[in-house]
Undergrad: 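I have a structure I would like to understand better, so I am pasting it below and will then ask my questions one at a time.
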There are 2 protein chains.
Amino acid sequence: MPKVDLDRIEQTNKPGYPAPFDQPVQGRWYRRLAPATGLTDFGASHVVLKPGSWSSQRHWHDGEDEFMVMVSGEAVLIEDDGRTIMRPGDCASWPKGSTNGHHLVNESGQDAVFVVIGGGERSGGGYSDIDMLFTETGYTHKDGTPY
Amino acid sequence: MPKVDLDRIEQTNKPGYPAPFDQPVQGRWYRRLAPATGLTDFGASHVVLKPGSWSSQRHWHDGEDEFMVMVSGEAVLIEDDGRTIMRPGDCASWPKGSTNGHHLVNESGQDAVFVVIGGGERSGGGYSDIDMLFTETGYTHKDGTPY
């Protein structure tokens, strides 16, 4: 049955980031849909952002295109050039290599739900607001020192 | 501005299929989001299905993973094993190579909107209910004769 049974896919809020950068994403509850449903050409995640939570630290990818579509609720997309309210049906594209860091922040009082797609090579990227990079070997400071 | 300005992307109902297979998709109005927004790792289309319209002939891909998320309205997903109502927030995955043909039919009285992602190689595929294949050289009958 190709309709995705979301209830059967593990939902986690595992942040991955070193402390204290993990704190703002504690309310990001996500499901990895691609491995659970047999997709290998791209990644797909279903994300529930609890009120107050961030989708990620503000970041970009060097080698991966990213795309999202808002499903329900409302979140603020924050980028170098400002703030944009994202509502159901709104989409955003982040071509790889653009260093215009982005994240979504749920400033509302209810859950915000979106689906995000990623493709390409996990070759690394950067964070706009903190002293961190992600590399093939993990998170580092901008001078290359590992966390 | 990475938020996609849908109004600035051409919307078309060009079917591509040879007649008469193009008739049921006349009310499928789509926008190709990837080329318009600089994505190359996967394809992404925003689709408005008018009442009565089909998303496609019922089909599968030999070399492309496909994924969709319903944004608004309601459509019926039809596959070998039956019918499933798709509502906002519902997702479906079709791993490449599965010959469980699928399409969406809008049996409601209002528009149904979804976003569909495709990745991998456009190496061909088949149609479940009609005498047609798609190949690298175009549409053919199942015996290989071109349309």
Side-chain angles (χ1 to χ4, degrees), chain A residues 1-6 9 31 33-46 48 60-61 63-73 77-98 100-102 113-121, chain B residues 1-6 9 31 33-46 48 60-61 63-73 77-98 100-102 113-121:
Chain A
M1 177 61 66
K3 178 182 167 186
V4 178
D5 187 348
L6 291 172
I9 299 177
R31 294 178 168 95
L33 305 185
T37 63
L39 304 180
T40 56
D41 288 331
F42 48 83
S45 292
H46 179 275
V48 178
W60 69 85
H61 296 275
E64 293 170 86
D65 284 345
E66 202 178 356
F67 172 85
M68 66 149 291
V69 53
M70 203 73 195
V71 169
S72 65
L77 168 60
I78 301 178
E79 299 171 299
D80 287 350
D81 46 2
R83 297 162 50 90
T84 309
I85 307 288
M86 300 292 286
R87 298 192 173 90
D90 287 344
C91 302
S93 287
W94 298 286
K96 57 191 167 191
S98 165
N100 182 5
H102 62 271
V113 181
F114 63 92
V115 169
V116 59
I117 306 296
E121 300 295 326
Chain B
M1 176 60 68
K3 178 181 166 186
V4 178
D5 187 347
L6 291 172
I9 299 176
R31 294 176 169 96
L33 304 185
T37 64
L39 304 179
T40 55
D41 287 331
F42 48 84
S45 292
H46 179 275
V48 178
W60 70 84
H61 296 275
E64 292 171 85
D65 284 345
E66 201 177 358
F67 172 85
M68 66 147 292
V69 53
M70 203 72 196
V71 169
S72 65
L77 168 60
I78 301 178
E79 298 171 301
D80 286 350
D81 45 3
R83 296 162 50 90
T84 309
I85 306 290
M86 300 293 287
R87 298 192 174 89
D90 287 344
C91 301
S93 288
W94 298 285
K96 56 191 168 191
S98 165
N100 182 3
H102 61 273
V113 181
F114 63 92
V115 169
V116 60
I117 308 295
E121 300 295 328

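Atoms considered below: every heavy atom in the structure, side chains included; atoms not considered: hydrogens, waters and symmetry mates.
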Undergrad: Between A/Gly120 and B/Asp41, which heavy-atom pair has the shortest distance, and what is it?
TA: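 That would be CA-OD2, 3.3 Å.
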Undergrad: Of all of B/Asp80, B/Asp90, B/Leu6, which one pairs up most often with chain A through heavy atoms under 4.5 Å apart?
TA: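 Between B/Asp80, B/Asp90, B/Leu6, the count favours B/Asp90.
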Undergrad: Check for a donor-acceptor pair, side chain of B/Asp65 on one end and backbone N or O of A/Leu39 on the other, with a separation under 3.5 Å.
TA: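 Not confirmed, B/Asp65 side chain does not pair with A/Leu39 backbone.
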Undergrad: Rounded to the nearest 0.5 Å, what separation is found between the NZ atom of A/Lys3 and the CZ atom of B/Arg87?
TA: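 The distance works out to 7.5 Å.
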Undergrad: Quick one: what part of A/Val115 sits under 4.5 Å from any heavy atom of chain B, side chain, backbone, both or neither?
TA: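 Side chain only.
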Undergrad: With a 4.5 angstrom heavy-atom cut-off, is it the side chain or the backbone of A/Thr40 that approaches chain B, or both, or neither?
TA: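 For A/Thr40, backbone and side chain are both near chain B.
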Undergrad: Which one, A/Gly82, A/Cys91, A/Ser98, A/Ser72, leads in non-hydrogen pairs under 4.5 Å with chain B?
TA: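 Among the listed options, the one with the most contacts to chain B is A/Cys91.
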Undergrad: Relative to the ring of B/Phe42, is the ring of A/Phe67 parallel (under 30°), tilted (30 to 60°) or perpendicular (over 60°)?
TA: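 Taking B/Phe42 first and then A/Phe67, their aromatic rings stand perpendicular (interplane angle over 60°).
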Undergrad: Name the option with the most non-hydrogen atom pairs under 4.5 Å to chain B; the candidates are A/Val71, A/Thr37, A/Leu33.
TA: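 Sorted descending by pairs with chain B, the first entry is A/Thr37.
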Undergrad: So which atom in A/Pro95 and which in B/Gly38 form the shortest heavy-atom distance, rounded to 0.1 Å?
TA: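 Residues A/Pro95 and B/Gly38, closest heavy atoms: CB-O, 3.4 Å.
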Undergrad: Let me know if A/Met86 has heavy atoms under 4.5 Å from chain B in its side chain, its backbone, both or neither.
TA: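 The side chain, not the backbone.
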Undergrad: Relative to chain A, which of B/His102, B/Glu121, B/Glu66 shows the most heavy atom pairs under 4.5 Å?
TA: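 Answer, by heavy-atom pair count under 4.5 Å with chain A: B/Glu66.
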